[in-house]
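All remarks here apply to the structure that follows.
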Number of protein chains: 2
Amino acid sequence: MDQPAVLPVGAPRTERADAVRNRRHLLATAREMLAGQGADTLTMDALAERAGLGKGTVFRRFGTRAGIFEALLDDDERAFQEQVLSGPPPLGPGAPPLERLIAYGRARAAFLIEHREIARAALDGSQPVPAGAQTPVSQMHIRVLLGQIPLGAADLDVLAMQLTAALDGPLLLYLSASDLSEAAPQIGERIARGWQDLVERVCRP
Amino acid sequence: MDQPAVLPVGAPRTERADAVRNRRHLLATAREMLAGQGADTLTMDALAERAGLGKGTVFRRFGTRAGIFEALLDDDERAFQEQVLSGPPPLGPGAPPLERLIAYGRARAAFLIEHREIARAALDGSQPVPAGAQTPVSQMHIRVLLGQIPLGAADLDVLAMQLTAALDGPLLLYLSASDLSEAAPQIGERIARGWQDLVERVCRP
DNA sequence: GGCACAAACGGACTTTACCCCGTTTAGTAT
DNA sequence: ATACTAAACGGGGTAAAGTCCGTTTGTGCC
């Protein structure tokens, strides 16, 4: 087994400047293309060409086609997460956990429906992308809130997973509908009410 | 607007014999390949060649790669559905609906874990294939059972969707795990217990 | 500034799902 | 039997994701 070569004392822990620049540029270009044309015309070749970069670079930055949409969604999601972690109640801290849980579901539904185009595109990936699995942040938050609610002897990890799936399931169904954007508000409201009902049923003593 | 040509009086409503034969042959060949090699070596070209048929035929029969795995799964699922619809209680009719619901979750978990390889492969499809969405049979059965349980004023359609997702979510997570087949029984048991707990919480008065 | 090297880049190449369309065949009516 | 039609077949063609590897570039050290 080789030592990792010389390993210059101050190994660069940070991303190179050009890499950062290119990632940003690619994301911006991707957003443009998404806004201008549909998501299907956003091919890796097209993106690379429009950004004036090589295809290899696109793959190096994002790994996969779905990775681009995930990155875009992550980007948008940062603001949302901040509301959850330190915004005003009932979404943010300060409200009783059950109310926060209910508010979280409503907010998440609203967020995904608002960003439906990107969210839908992020589903494409050919790797196994099940419901609540690929949303560790969401699941963790739900898990934490559940921990603050008195539930009898329950497998909290499994319950968190189930609730995450129960929240995402209807949303994914909506996102994968063909028409899309039709009657979004009503659907969001219905999902939010359903979520509230489910959570209250599960958590009542 | 043209009339549909002559339309010979007895238009053939049934699938042609060669089509049926080829579908069966392709499914059998696919099973062979699946058993022999992994699922990734089962490409459309390879399947066509091994079956001695044209590639176009494979696509005509199944439409898409995932379609093959769905067909295989459907095939296996027929027996399962029969148990549900007319087998002995508590899975089949005769038991109280809540018990049937619990038994259904347990049985479905066992079924999917048993057929994990095919089930996993069936996830591939590039079209939006979320959790509980693509399982209308499962969802409908849950929906029907829910209808037989006294729940207050609840949106039963949404609740059925949520529960379907809550059942499928953990299973899909397991199916998409990289190791797979490791500790399958324990996982199945944990999911089954979690399902029972969830359903009892939701349905208690 | 000059050096060394890991990281990043680019674009040709490979693989595979899926499409297209000319040809063949099963099934029916006469 | 024969003719006819819709369905099915075959397999070459296309597009797009993802890989490879030789070349270039940013960065820390002297």
Side-chain angles (χ1 to χ4, degrees), chain A residues 2-26 29-30 33 37-70 121-127 129, chain B residues 2-26 29-30 33 37-70 121-127 129:
Chain A
D2 284 335
Q3 281 293 83
V6 179
L7 184 60
V9 183
R13 286 298 87 187
T14 80
E15 215 171 21
R16 252 168 60 168
D18 51 350
V20 173
R21 182 170 2 106
N22 284 339
R23 161 178 290 130
R24 273 207 262 270
H25 183 213
L26 283 169
T29 308
M33 294 178 73
Q37 312 290 324
D40 352 313
T41 68
L42 178 37
T43 75
M44 302 304 256
D45 292 278
L47 175 58
E49 179 168 14
R50 177 148 174 182
L53 295 170
K55 195 190 343 182
T57 302
V58 179
F59 277 95
R60 168 175 297 270
R61 291 299 103 203
F62 300 105
T64 184
R65 184 179 132 91
I68 292 177
F69 298 106
E70 282 163 32
L123 293 179
D124 278 5
S126 51
Q127 70 265 52
V129 186
Chain B
D2 283 335
Q3 281 292 83
V6 179
L7 184 61
V9 184
R13 285 300 83 180
T14 81
E15 215 171 22
R16 250 167 61 168
D18 51 352
V20 174
R21 183 175 357 112
N22 285 337
R23 159 177 293 129
R24 273 207 262 270
H25 183 214
L26 283 169
T29 308
M33 295 179 72
Q37 312 289 326
D40 350 314
T41 70
L42 178 38
T43 73
M44 302 304 259
D45 294 278
L47 174 59
E49 179 168 13
R50 176 145 175 186
L53 294 172
K55 200 195 325 185
T57 301
V58 179
F59 279 94
R60 168 176 297 267
R61 290 302 101 206
F62 300 104
T64 184
R65 186 178 132 90
I68 291 177
F69 297 105
E70 281 162 33
L123 292 179
D124 279 4
S126 50
Q127 71 264 54
V129 187

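A note on names: the letters A, B, ... follow the listed sequences, proteins ahead of strands, and every chain is numbered from 1. Keep in mind that this is a model prediction, so the values were computed, not measured.
Contact annotation: A/T64 reaches the phosphate of D/dG18 (side-chain N/O to OP1 or OP2, under 4.0 Å).
Residues passing the salt bridge (charged side-chain N to carboxylate O under 4.0 Å, His left out) test with B/R50, sequence neighbours excluded: B/E32. Looking at residues two or more places apart in sequence or on another chain, you find no salt bridge (charged side-chain N to carboxylate O under 4.0 Å, His left out) involving B/R21. Under the salt bridge (charged side-chain N to carboxylate O under 4.0 Å, His left out) criterion, A/R24 pairs with no residue at all, not counting sequence neighbours. For B/T41, the side-chain contact (heavy atoms from CB on, under 4.5 Å) partners two or more places apart in sequence, or in a different chain, are B/Q37.
Note: CG (A/D18) to P (D/dG26) measures 6 Å, nearest angstrom. Between the CG atom of B/L42 and the P atom of C/dC18 there is a distance of 13 Å, rounded to whole Å. In this structure, A/F69 places its CZ atom 13 Å from C1' of D/dA17, rounding to the nearest Å. Rounded to an integer number of Å, the gap from B/R65 CZ to C/dT15 P is 16 Å. Atom CZ of A/R16 is separated from atom P of D/dT27 by 7 Å (rounded to the nearest Å).
Proximity note for B/N22 (side chain, C-beta onward) versus C/dC18, D/dA8, D/dA16: the nearest is D/dA8. With distances taken from any side-chain atom of A/T43 to the nucleotides D/dA6, D/dA17, C/dA6, the minimum falls on D/dA17.
Remark: B/M44, B/K55, B/F59 in residues 44-62 of chain B come within less than 4.0 Å of DNA chain C through at least one heavy atom.
Nearest heavy-atom pair across B/A51 and B/L26 is CB-CD2, 3.6 Å.
For the pair A/V20 and B/G63, both in contact range of DNA chain C, the more 5′-proximal nearest nucleotide belongs to A/V20.
For the side-chain contact (heavy atoms from CB on, under 4.5 Å) with B/V58, the qualifying choice from B/N22, B/T29, B/T43, B/I68 is B/I68, the only one to do so.
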